[in-house]
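Comments concern the structure below.
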Amino acid sequence: MIKMQVRIIGGEKLVAPVAQALTKQGAAVTTTADFSGTLAPETTLVWLPNPLDPVGDLVADLVALVDRSPAPKRIVMHGVPGTADDASPEQVGAWFQTAGTSLVMEHLYAVKMIDELEHPYVIVRTPRLPGGAATSRVRVNRFNKQRLAKKKPSPSSPPPLPPNSTSTSQWDWVRRQR
């Protein structure tokens, strides 16, 4: 059986717990603090920047790594809340004690650059806990094919947007309607 290859990049407190959780699940995990070297074929690239890191600048290093490597299986980025209308810039600013709009815009730019790579990707946004506390507890769920088979299949394409919709995504409108 081939192990899932994972490369975790970051200086965030989450690197060690994520690496440990993935290793327990049987993944072959490599951790680095920067975007040096190349990726092995079929590697899942996990980027865990500190929320206040200049991700708008650092994403260029991620793009360079992907360009000089075989295509990654997927890219996973830990981003700040607020990039998907899940928190206001004021909330983000209060959580991270910085200018919320600037922080959200930096992370939105990084997400856009990852999207432009046209590889599968996931952006994980975790809010601060009440009182501003952070946690390093990580839980990794295994993919359960039996449980997935019992679920109803989702439609292959979203329904059309309603007239005069301001949403940029048809799926966003569908989620708001549920």
Side-chain angles (χ1 to χ4, degrees), residues 4-25 27-39 43-69 72-142 167-169 171-172 175-176:
M4 181 170 85
Q5 299 289 320
V6 179
R7 179 170 172 191
I8 303 174
I9 299 172
E12 175 74 25
K13 296 175 195 171
L14 284 175
V15 172
V18 169
Q20 183 180 17
L22 290 171
T23 301
K24 283 182 182 178
Q25 296 294 323
V29 178
T30 305
T31 62
T32 60
D34 59 22
F35 296 96
S36 61
T38 60
L39 298 174
T43 297
T44 297
L45 174 60
V46 179
W47 181 27
L48 302 175
N50 290 312
L52 299 177
D53 283 350
V55 295
D57 297 331
L58 293 173
V59 74
D61 296 334
L62 180 140
V63 170
L65 171 64
V66 170
D67 284 346
R68 68 177 176 264
S69 302
K73 186 170 186 175
R74 88 182 39 84
I75 300 169
V76 179
M77 177 190 169
H78 184 245
V80 296
T83 58
D85 295 331
D86 48 358
S88 71
E90 293 79 21
Q91 287 175 305
V92 174
W95 289 333
F96 296 103
Q97 287 123 28
T98 188
T101 301
S102 298
L103 183 63
V104 169
M105 295 306 288
E106 281 266 329
H107 282 258
L108 278 172
Y109 177 73
V111 171
K112 176 67 175 157
M113 291 299 293
I114 291 170
D115 181 63
E116 291 290 324
L117 290 169
E118 296 185 356
H119 294 295
Y121 70 92
V122 176
I123 307 300
V124 179
R125 291 175 287 277
T126 54
R128 303 289 283 189
L129 295 176
T135 182
S136 61
R137 183 172 178 215
V138 176
R139 180 177 174 186
V140 177
N141 291 324
R142 281 204 121 158
S167 176
T168 58
S169 166
W171 286 115
D172 286 344
R175 282 191 289 269
R176 284 193 290 261

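FYI, side chains are in, hydrogens and waters are out, and symmetry mates aren't considered; it's all heavy atoms of this structure.
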Original post:
Does some side-chain heavy atom of Val6 sit less than 4.5 Å from a side-chain heavy atom of Gln25?
Top reply: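 The answer is no, as the side chains (C-beta and beyond) never meet within the 4.5 Å cut-off.
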Less than 4.5 Å apart, side chain to side chain, heavy atoms only: is that true for Leu45 and Leu62?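 A side-chain contact under 4.5 Å exists here.
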(request) Any pair with a residue in residues 44-69 that passes salt bridge (charged side-chain N to carboxylate O under 4.0 Å, His left out), sequence neighbours left out, goes on the list, sorted by first then second residue, please. (result)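 Matches after skipping sequence neighbours: none remain.
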Pairs involving residues 102-124, ordered by first then second residue, that meet salt bridge (charged side-chain N to carboxylate O under 4.0 Å, His left out) (sequence neighbours left out):
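Non-adjacent pairs meeting salt bridge (charged side-chain N to carboxylate O under 4.0 Å, His left out): Lys112-Glu116.
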### Task
Check the pair Val80, Trp95 against side chain to side chain contact (heavy atoms under 4.5 Å, CB included), reporting the backbone distance first and the verdict last.
CA-CA 10 Å; Val80 296; Trp95 289 333; over 6 Å; no
With [X], which residues qualify under side-chain hydrogen bond (donor to acceptor under 3.5 Å, both in side chains), at least two apart?
X	value
Gln97	none
Ser102	none
Glu90	Ser88

Between the OG1 atom in Thr44 and the CZ atom in Arg7, the distance rounded to the nearest 0.5 Å is 13.0 Å
Rounded to the nearest 0.5 angstrom, the CE-NE2 distance for Met77 and His107 is 5.5 Å
| query | Which pair of non-hydrogen atoms, one from Pro72 and one from Leu39, has the smallest distance, and what is that distance? | reply |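 Minimum heavy-atom contact is CB-CD1, 4.0 Å.
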Between Val59 and Ala110 the two heavy atoms that sit nearest each other are CG2-O, 3.7 Å
Residues passing the salt bridge (Lys or Arg N to Asp or Glu O under 4.0 Å) test with Arg74, sequence neighbours excluded, are none
